[in-house]
Amino acid sequence: MSKTRTLRESLQSAPITRLMGAHSPLSAKLGEEAGFEAIWASGLEISASRGVPDANILSMSECLDAAATLAAEVDIPVLADCDSGFGGVGNVVHMVRSYESRGVAGVCIEDKQFPKMNSFVGAGQELAPIGDFAAKITAAVEAKRDPDFVVVARIEALIAGFGMDEALRRAEVYERAGADALLIHSKKSTSDEVYGFRERYEGVLPVVVVPTMYPQVTTRELEEHGISAVIYANQALRSSISAMRQVLTQIAVSGSTFGVEDGISPVKEVFALQQLDKLLKLQKRHEELSAHYSDS
Ligand code: SPV
Ligand code: MG
């Protein structure tokens, strides 16, 4: 089955789909290895890995390259965080064509103005007019070539302080505009707000959540409340920052790497993630074939 169809069907059916955030092929591989159904090519993670804020500082082609590069290294589908679509409707159409042609299974665009600001930053949460964003969703849906390519509409009304009625109004309009799923984002410290949205939303689209600010919630609880997919958007990145910081400080302070050896991945593990065994097999076969052709 194609990755686009896999993602589409996974969102539309039980059990809940779990997406792990990634910013590199290595982190995507670790997400796949841990058993997640799909990868979220996170704007926050990709920006942070480049040392810049999550505020459309990177261009679309930089984000695309990061998402496509990690998509090429995993067998599970990748949903790309495409911020607010990188500009006007022309940018959205170019974005869909580009991501689709580079092996990404779907895109998520949020109803904020360009340039967007990460949702957990107090300032800069400017919502796009509902009609403008809905029309972009329709343009995105009409631009795709593969009918299974997924277009997720992300609602930022709760983040921007416009309340539940506005979030629900937007959900209904984005559904009519052709979205395949809705991502309802919340910065509350409990899941009540997204559960409230799920209860009052009367449409048929799968609902996706990102529980960064309400980490106590479990996948099972989300599923029991009718949530179709959960994105663990940035835990891989954050764990790598704290692990690297701790180890690097220890080496700097102790003047040796001996004390950290037991706590870090052996070089062998790095080789395994690089699929070195495949290269060695390939080289062996090449030698054999080479000898065979030399004899003829
Ligand atoms: C991301 O991972 O970039 C997201 C999720 O969009 S959030 O950081 O919660 O906005
Ligand atoms: Mg993002």
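As a basis for the values below, the full set of heavy atoms in this structure was taken, side chains included, without hydrogen atoms, waters or symmetry mates. Counting convention: from 1, in listed order, for ligands and their atoms alike.
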Pairing of E33 and K29 as salt bridge, 4.0 angstrom limit: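 No, no charged N to carboxylate O under 4.0 Å.
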Salt bridge E100-K144, side-chain N to carboxylate O under 4.0 Å: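 Judged by the 4.0 Å cut-off on N to carboxylate O distance, E100 and K144 do not form a salt bridge.
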Sphere of radius 2.8 Å around the Mg ion (ligand 2) - protein N, O or S atoms inside: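 The answer is D81 OD2.
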Under 3.5 Å, is there a donor on one side chain and an acceptor on the other for [X] and [Y]?
X	Y	value
T4	D146	yes
E62	S59	yes
R154	S119	yes

Residue shell around ligand 1, heavy atom under 4.0 angstrom: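 Answer by chain and number: W40, S42, G43, L44, D54, D81, N118, S119, F120, R154, H185, A233.
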Parallel, tilted or perpendicular, as decided by the 30° and 60° cut-offs, for the rings of Y232 and F36: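 Correct class here is perpendicular.
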I155 and its side chain to side chain contact (heavy atoms under 4.5 Å, CB included) partner, picked from F133, F162, F197: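 Among F133, F162, F197, the one meeting side chain to side chain contact (heavy atoms under 4.5 Å, CB included) with I155 is F197.
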Nearest-0.5 Å distance, CD1 of residue I16 to CZ of residue R18: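 Separation between the atoms: 9.0 Å.
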Pair F114 + F86: ring centers closer than 6.0 Å: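 No, too far apart.
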